[in-house]
Amino acid sequence: MSSKKLGCNFYNQKTLQVAQKLLGKFLVHKIGQKKIVGMITETEAYCGPKDLASHASRGRTPRTEIMFGQPGYAYVYLIYGMYYCFNIVTERKNYPAAVLIRGIISDQRGRRRPSHSSRQNRRVLPDQQGLDFINGPGKVCRYMKIDKKLNGLDLTENKFWVENRGVRIKKPTIKKGKRIGVDYAGKYKDKLWRFYIKNKK
DNA sequence: CCTGGGATTTTCT
DNA sequence: GAAAATCCCAGGA
């Protein structure tokens, strides 16, 4: 079985590298006896203190402190009052960088979404192969049951991690695009720092 | 196809 | 007090 949890060394590489290498890796969240699993299909890189799209570009704040920490930790924040976004901290301590997980595929067909405010009990629509495509950082967190309690968690421990199951994404199947929702970021807004697997978006 | 607005709360100014 | 690394739905063309 080639199923190996990614360690600190993996995350301590250039963020643009980590963002691409995370495609095809599996996110695992263990809750009691159960695991929620999804294969990562879309990521975005947030690279260093000068990246105006990054929360860390305005320096250390209570929220962004984790981005300045060790690689391999979870950075989870709430946006628009109702959605969480999950990132993985990359690169060395004191260099603020992270990869946002924007999309996954799950093989757990027909799961009900966790109830959420007034919108309850809607199903994730499976495709013909019985896979659930989950596109968007807010939906990834809803599906994986990621919330602020996981902020600051060490992803090399045994609660929430990323593992390699031997899926290899060939270079030509990795597509690049502009990051989403960062029009305010000046010359950084058009960087092609979003990565996704061809035909899995 | 497109545009616009509501939900809801943390964060920074 | 405004904006935010979002999502969903309604309405018009």
Side-chain angles (χ1 to χ4, degrees), chain A residues 11 14-20 22-23 27 38 40-69 71 73-91 95-106 111-127 132-153 155 162 175-197 200-201:
Chain A
Y11 303 110
K14 289 287 188 188
T15 304
L16 294 176
Q17 281 294 308
V18 178
Q20 290 172 80
L22 279 171
L23 298 174
L27 194 55
I40 297 170
T41 56
E42 184 180 357
T43 61
E44 273 178 8
Y46 289 84
C47 303
K50 288 190 286 200
D51 178 0
L52 294 175
S54 171
H55 293 160
S57 66
R58 306 217 208 149
R60 288 188 185 234
T61 65
R63 181 173 63 161
T64 61
E65 188 62 27
I66 186 69
M67 287 187 76
F68 288 81
Y73 282 70
Y75 170 42
V76 181
Y77 64 90
L78 184 66
I79 191 168
Y80 302 114
M82 57 189 312
Y83 294 105
Y84 292 102
C85 288
F86 165 58
N87 303 249
I88 302 176
V89 176
T90 58
E91 306 201 43
Y95 185 84
V99 174
L100 171 67
I101 306 302
R102 291 193 61 89
I104 59 175
I105 290 175
S106 169
R111 273 186 82 244
R112 280 188 188 279
R113 288 173 171 164
S115 62
H116 189 270
S117 67
S118 61
R119 309 182 213 271
Q120 295 185 12
N121 284 336
R122 276 171 309 157
R123 286 177 182 279
V124 174
L125 297 173
D127 76 349
D132 295 338
F133 285 73
I134 294 140
N135 59 320
K139 286 187 276 188
V140 167
C141 288
R142 186 170 57 190
Y143 194 90
M144 294 293 303
K145 299 197 181 202
I146 297 167
D147 64 24
K148 205 141 187 232
K149 291 194 294 289
L150 300 185
N151 187 41
L153 208 74
L155 297 174
V162 184
K175 307 297 274 184
K176 302 179 198 337
K178 294 178 186 178
R179 292 177 294 179
I180 305 294
V182 296
D183 285 347
Y184 56 84
K187 66 178 183 179
Y188 286 87
K189 78 182 174 68
D190 294 325
K191 298 281 187 190
L192 300 179
W193 288 354
R194 181 166 63 95
F195 304 98
Y196 54 94
I197 304 174
K200 301 271 193 298
K201 186 171 68 74

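Convention: sequence-line order gives letters A, B, ...; per-chain numbering from 1.
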Seminar exercise, completed: Mate of B:dT8 across any strand shown (Watson-Crick or G-U wobble, both atom pairs under 3.5 Å) is none
Exercise. Below 4.0 angstrom from OP1 or OP2 of C:dC8, is there any side-chain N or O of A:K139?
Worked result: yes
Exercise. Does the gap between the ring centers of A:Y77 and A:Y75 come in under 6.0 Å?
Worked result: yes
Exercise. So is A:R179 actually on top of A:Y188's ring, under 6.0 Å and inside 45° of the axis?
Worked result: no
Exercise. Can you tell me how far P of C:dC8 sits from OH of A:Y143, to the nearest Å?
Worked result: 14 Å
Exercise. Counting distance only, does the side-chain N/O of A:S54 pair as donor-acceptor with the main-chain N or O of A:A97 below 3.5 Å?
Worked result: no
Can you tabulate the close N/O pairs, meaning under 3.5 Å, that link protein atoms to atoms of nucleotides 10-13 of chain B?
residue	atom	partner	partner atom	Å
B:dT11	OP1	A:K148	NZ	3.2
B:dC12	OP1	A:T61	OG1	2.5

Exercise. Has the side chain of A:Y77 got a donor or acceptor that lies under 3.5 Å from a partner of the other kind on the base of C:dA5?
Worked result: yes
Exercise. Mind checking the C1' distance from B:dC2 to C:dA5? Whole angstroms is fine.
Worked result: 24 Å
Exercise. What do you reckon, do A:Y80 and the base of C:dT6 stack, with centroid distance below 5.5 Å and planes below 30°?
Worked result: yes
Exercise. What nucleic acid atoms does A:G81 come within less than 4.0 Å of, heavy atoms only: base, sugar-phosphate, or nothing?
Worked result: base
Exercise. Reckon A:Y83 has a side-chain N or O less than 4.0 Å from the OP1 or OP2 of C:dA5?
Worked result: no
Problem set entry | Which nucleotide in C:dA5, B:dA7, C:dC7 has an atom nearest any side-chain atom of A:P137 | C:dC7
Problem set entry | Side-chain N or O of A:R142 closer than 4.0 Å to phosphate OP1/OP2 of C:dT6 | no
